[in-house]
Amino acid sequence: MTSRDTILTRLRQSRPSTDVTPPLPIPDHTLFADYPRTAAEHITVFADKFTAVGGELFWAQSTENVVDIVRALVSGIAVSELAFEPDPAIIAVLAAVYSYDDAKLPPEVADLSMCNVEYASCRVGISTAYRLIARSGSIVMAAPARHGRRLYSVPPVHLVLARAEQIIPSLDALFAEVSNARPLPSILTVITGSSRTSDIEKKLVLGAHGPKRIVLVCRVGEDG
Amino acid sequence: MNPDATFMRDASRAAGDRTQQDKIRRAVSTYAAKVQHMKSSQFVKWSDGRDAAAAIKSFALARLPELLEQFEAAITARGAEVRWAADAAEARNYVLDVVQRYHGRPVVKSKSMLTEEVDLRGALDAAGIPVWESDLGEFIVQLAGEKPYHIVTPAMHKTAADVSALFQQHLGIEPTDDPAELTAAARTFMRGKFVDAAVGITGANFILADAGAVSVTENEGNALLSMACSNVHIVLVGIEKVLPLLTDLSLFLPLLATSGSGQQLTCYNSVIFGPRQPGDVDGPDSLVVILVDNGRSTLYANDLIREALRCIRCGACLNSCPVYRTIGGHAYNTTYQGPIGSVITPHLPGGKEWAHLSSASSLCGACTASCPVGIDLHHLLVVNRSIAVSRKNADGRVAQLMNIWAYFFSSRRRLQWGRTIWLSLERLVSGVVFRKGRYRPPRPARKAFSEWWQENDIS
């Protein structure tokens, strides 16, 4: 008999005699006092919570705005020192920031399949987000976006470009959506603030092993 | 020395160690304030969240074998390997089997109490495989050659100066007492290991049956790095960690963060659905999930103790326990300390030696009040005591004294009579029977309550 059979048989033989009915799900809006109720609240609650956990938030009204904000953030950093998701909007922004006229990838950019050693020298990782969560101020990373896992864990700065319409109220909406997604991503990460530790004398230190800074440039408004 | 005697020795020593207690008090008071704030600001009613979580966990335990099979089928369909380990040795062998294919390359390991329970690092060390604890607290404890002091805060007992001394010795840093500089030194050192590691080992906080997924919660990003940079991701998880639905995480993630560290959500909550999939730019080529029993099915078979398997290892019961706060984590000398450790350790392999821990409690109920999944911890300690007595593991002298006590207290007349004897013999008996211990029975009042009542004519 394999261990699998042994374990399952033992569990079957000793399970509780009375069966338990599945509990009814409790939606987040009845459980949590800080659940945002309206679309306007989604934005304000997200902004409050995201900055409270140490996130740096920039609102952008237009593509030009995004370009200006990103230009300031990456000043002094060469394009070859960036790891970025090959998303058309990100490529367009970087082309503008680094003055490539025809919005084509410059030849020296990092390839996301580079080895770990090369990845470790990247100074900023730039990606889109899957969703933003208002109640906890979180950024959700998930496939099918082609950023991979290292982009948001290896570089010391994670820069996210997203839109305010991507804000959802709480985790229940996220997991309900992902439960029905096919194919499922290989990983989904809910990021709430920058990497941190309090392991030495309970003193909070940012940038334990993951990114020290998480920066979100969020588009609001109609165009684009 | 047997575990009972060792415990008495270490607990007595720790109970007199003011420096240690100051460290615990500082850590726990920071924690308690944050948790209280997060409970009241986040939840309409904290107890509603707790009751809902308890109901989901009870349901999951009732359907445990089916949910485990459902999990296995779903995650296997996306290319993960699932192994079942009946005991610690089998779990270690599965890991060694995978790791030895990449011999010579380091293994990075995240914080996981289960890997402590099966002594995984011991097995890897013995096989000559370099293995690094990547969680800062665990890394400190590894360098110090110690065991974790607390299931959530392993290096709670170390000051910045202690850590500095360790890092000077092992990493060659300049002296500093600044936690930020010390953290930066560990980050730099560990980066090299993440980059080289062939295998990343993590635990799991939950596994989800419907989606076939593994949920890993952490603050530092070390687990995420290990599953982003390694060729293989190995997950060790206890069979009790299964939840029926992916959507259950919307309750369990905030619950764990609130009780574990007073955060709304822990910084990184990763849900892993499989190894690298077509179209992914990175991620491990293989994902191995080892489902570990190691005594859990024995615990499961006990109707009175089974609910202890609801535990999500948040550490709240340790922090609230006056005994833990007095004697600290090392005196227990077990993988799991505090009230939950005292409840489950006697049921794990080799556990009969650990029945004494259930008596290391005042039964004040602070643990039960703090538990986010509603485990009736202090009553389970009483259940354990009762089991220990019925196994005749109880101290024979205590049993004799209880028999004498029962003889006198079961009759009013004998009680009166016994009191007279006790009053005359008390000094002598105490001096002889309790000579060695520090405990002295209280002196009886000179006048019995009934006598006092009659004399004062209260009616």
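All chains are named by letter (A, B, ...) in the order of the sequence lines, taking the proteins before the strands, and each is independently numbered beginning at 1.
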Turns out that what part of A:Ser170 lies under 4.5 Å from chain B's heavy atoms comes down to neither
Looking at chain A, which one of B:Ala62, B:Cys267, B:Ser261, B:Gly274 has the largest number of heavy-atom pairs inside 4.5 Å, strictly under?
B:Cys267
I'd like to know which of A:Gly207, A:Ser195, A:Gly148 tops the heavy-atom pair count under 4.5 Å against chain B.
A:Ser195
Quick check on the interface: out of B:Gln277, B:Gln264, B:Glu66, B:Arg26, who has the most heavy-atom pairs with chain A under 4.5 Å?
B:Gln264
Nearest heavy-atom pair of A:Gly210 and B:Tyr268: which atoms, and what distance?
CA-OH, 4.0 Å
Heavy-atom cut-off 4.5 Å, strictly under: side chain, backbone, both or neither for A:Pro25 against chain B?
neither
Salt-bridged, A:Arg12 to B:Glu69, with N to O below 4.0 Å?
yes
Rounded to the nearest 0.5 Å, the CG atom of B:Leu249 sits from the CG atom of A:Leu171 at a distance of 8.5 Å
If we count only N and O atoms by modelled type, under 3.5 Å, do the side chains of A:Thr197 and B:Glu220 hold a donor and an acceptor together?
yes
Which bit of B:Ala184 is near chain A, if near means a heavy-atom gap under 4.5 Å: side chain, backbone, both or neither?
neither
Looking only at B:Ile140, B:Thr298, B:Asp162, most heavy-atom pairs under 4.5 Å shared with chain A are made by B:Thr298
Tell me, side chain or backbone of B:Val195 under 4.5 Å from chain A's heavy atoms, or both, or neither?
both
Mind checking the CG-CG spacing from B:Leu67 to A:Leu11? Nearest 0.5 Å is all I need.
11.0 Å
Could you pull out the closest heavy-atom pair between A:Ala33 and B:Ser41, with the gap in Å?
CB-O, 3.9 Å
Tell me, for A:Thr21 versus chain B, whether the close heavy atoms (under 4.5 Å) come from the side chain, the backbone, both or neither.
backbone
Please answer whether the main-chain N or O of B:Ser134 pairs with a side-chain N or O of A:His209 as donor and acceptor at a distance below 3.5 Å.
yes
Are the side chains of A:Asp172 and B:Thr247 in contact, using a 4.5 Å heavy-atom criterion?
no
Where do B:Phe273 and A:Ser186 land on the side-chain contact (heavy atoms from CB on, under 4.5 Å) test, with the steps shown first?
CA-CA 5 Å; B:Phe273 296 88; A:Ser186 66; 5.7 Å; no
Less than 4.5 Å to any heavy atom of chain B: does that hold for the side chain of A:Pro27, its backbone, both, or neither?
neither
Heavy-atom closest pair (A:Arg135 atom, B:Pro254 atom, distance to 0.1 Å) is NH2-CG, 3.7 Å
Residue from B:Arg78, B:Glu72, B:His157, B:Arg306 scoring the most non-hydrogen pairs under 4.5 Å with chain A is B:Arg306
Between A:Ser179 and chain B, with a heavy-atom cut-off of 4.5 Å, which part of the residue counts as in contact: side chain, backbone, both or neither?
both
Top residue by heavy-atom pair count (under 4.5 Å) with chain A, among B:Ser58, B:Ala155, B:Ser215, B:Ser270?
B:Ser270
Counting distance only, does the side-chain N/O of B:Ser297 pair as donor-acceptor with the main-chain N or O of A:Ile7 below 3.5 Å?
no
Show, in sequence, the C-alpha distance, side-chain angles and deciding distance for B:Gln263 and A:Thr192, and conclude whether the side-chain contact (heavy atoms from CB on, under 4.5 Å) test is met.
CA-CA 10 Å; B:Gln263 290 171 279; A:Thr192 310; over 6 Å; no
Is a donor on one side and an acceptor on the other found under 3.5 Å between the side chain of A:Glu201 and the backbone of B:Ala160?
yes
For the interface with chain A, which of B:Glu218, B:Glu90, B:Arg63 has the highest count of heavy-atom pairs at distances below 4.5 Å?
B:Arg63
Under 4.5 Å heavy-atom distance to chain B, tell me which part of A:Val205 shows up: side chain, backbone, both or neither.
side chain
Is chain A contacted by the side chain of B:Ile239, its backbone, both, or neither, given a heavy-atom distance below 4.5 Å?
side chain
Mind checking whether B:Phe139 and A:Asp199 have side chains closer than 4.5 Å, heavy atoms only?
no
Could you pull out the closest heavy-atom pair between A:Ser138 and B:Leu265, with the gap in Å?
OG-CD1, 3.6 Å
Considering non-hydrogen atoms only, spot the tightest contact between B:Val44 and A:Phe32 and give its length.
CG2-C, 3.8 Å
Go through it in stages, so that I can follow the logic: the residues are A:Ile26 and B:Asp48, the test is side-chain contact (heavy atoms from CB on, under 4.5 Å), and I'd like the CA-CA distance, side-chain angles, deciding distance and then a yes or no.
CA-CA 9 Å; A:Ile26 300 187; B:Asp48 286 350; 5.9 Å; no
For the student: nearest non-hydrogen atoms of B:Arg187 and A:Val154, plus distance
NH2-O, 4.4 Å
Does the pair B:Asp282/A:Arg149 count as a salt bridge with the N-to-O cut at 4.0 Å?
no
